[in-house]
Trainee: 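Let me begin by handing over the structure; questions about it come next.
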Amino acid sequence: MGKLRIVIADDNERMLQLLEDIIRTDKDMEVVGKAENGEICLSLVLQPDVVLLDIVMPKLDGLTVMEKTHSDSRIKRKPAFIIITAIGQEGITEDAFNLGANYYIMKPFDNNTLLNRIRYV
């Protein structure tokens, strides 16, 4: 089996770099794309096995990215979505799971927990 292909989407440049650095510590994972807004993320969803997705981003928010991905018939193999966000409102969390999120991780997070969640999905 090849490496897990991961796309990271977050509008915070430092968070993008932190997530990429964490993923690079695991020899079975590779970052195949980074997006600082939801529009760019949507253009990358054909590539990954897993998308690490922030909720609040410019152009398209994370929930809209998931909604558009799941309704796009051109995307035959949908990626797993792991939400990584500072927003813990119950309604938003529920919406994320209803739209297909596999996990919802609050910032700040434990690096090993994140890597384990990526492996699990």
Trainee: To the nearest 0.5 Å, tell me how far F81 CZ sits from L52 CG.
Mentor: 10.5 Å

Trainee: With M66 as reference, evaluate I83, V45, N98, D95 under the side chain to side chain contact (heavy atoms under 4.5 Å, CB included) test and give the passing residue.
Mentor: I83

Trainee: Restricting to non-hydrogen atoms, name the atom on E36 and the atom on P58 that form the minimum distance, rounded to 0.1 Å.
Mentor: O-CD, 3.8 Å

Trainee: Nearest 0.5 angstrom please: H70 NE2 to L99 CG, how far?
Mentor: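 If we round to the nearest 0.5 Å, H70:NE2 and L99:CG are 7.5 Å apart.
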
Trainee: Any chance you could measure T85, atom OG1, to M57, atom CE, to the nearest 0.5 Å?
Mentor: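 Here the rounded value is 9.5 Å.
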
Trainee: Check whether K34 reaches the backbone of V7 with its side chain - one donor and one acceptor, N or O, closer than 3.5 Å.
Mentor: no

Trainee: A quick test of your reading: do over 12 heavy atoms of other residues, nucleotides or ligands sit less than 6.0 Å from CZ of R14?
Mentor: no

Trainee: Does I23 reach the side chain of D21, with side-chain heavy atoms less than 4.5 Å apart?
Mentor: no

Trainee: Any non-hydrogen side-chain atom of M29 less than 4.5 Å from a side-chain atom of L115?
Mentor: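 The answer is yes; the side chains approach within 4.5 Å.
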
Trainee: Rounded to the nearest 0.5 Å, how far does CG of D61 lie from SG of C41?
Mentor: 11.0 Å

Trainee: Are any of the side-chain nitrogens in D49 or R5 under 4.0 Å away from the carboxylate oxygens of its partner?
Mentor: yes

Trainee: Is the ring pair F97/Y104 parallel, tilted or perpendicular, if the boundaries are 30 and 60 degrees?
Mentor: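 Tilted: the ring planes of F97 and Y104 meet at 30° to 60°.
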
Trainee: Give a yes or no answer on whether the side chain of T64 reaches the backbone of L60 with a donor-acceptor pair at less than 3.5 Å.
Mentor: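 Looks like no, no N/O pair under 3.5 Å.
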
Trainee: What's the spacing between N12 CG and L19 CG if we round to 0.5 Å?
Mentor: 9.5 Å

Trainee: Would you give the length of the straight line joining atom CG of L114 to atom CD1 of I82, rounded to the nearest 0.5 angstrom?
Mentor: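 Those atoms lie 6.5 Å apart.
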
Trainee: Between I118 and I6, is there a side-chain heavy-atom distance shorter than 4.5 Å?
Mentor: yes

Trainee: Run the salt-bridge test on D26 and R119 with the 4.0 Å N-O cut-off and return the result as yes or no.
Mentor: yes

Trainee: Just checking, is any N or O donor in the side chain of N116 or T113 under 3.5 Å from an acceptor N or O on the other one?
Mentor: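 Result is no, nothing qualifies.
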
Trainee: For a 4.5 angstrom cut-off between non-hydrogen side-chain atoms, does L42 reach T69?
Mentor: yes

Trainee: Do I55 and L63 come close enough that some side-chain heavy atom pair is under 4.5 Å?
Mentor: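 Result yes, sub-4.5 Å side-chain heavy-atom pair found.
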
Trainee: Determine, stepwise, if the pair D10 / K107 fulfils salt bridge (charged side-chain N to carboxylate O under 4.0 Å, His left out).
Mentor: CA-CA 12 Å; D10 198 301; K107 296 175 186 175; 2.9 Å; yes

Trainee: Determine the minimum heavy-atom distance between A35 and L16, stating which atoms define it.
Mentor: O-CD2, 3.7 Å

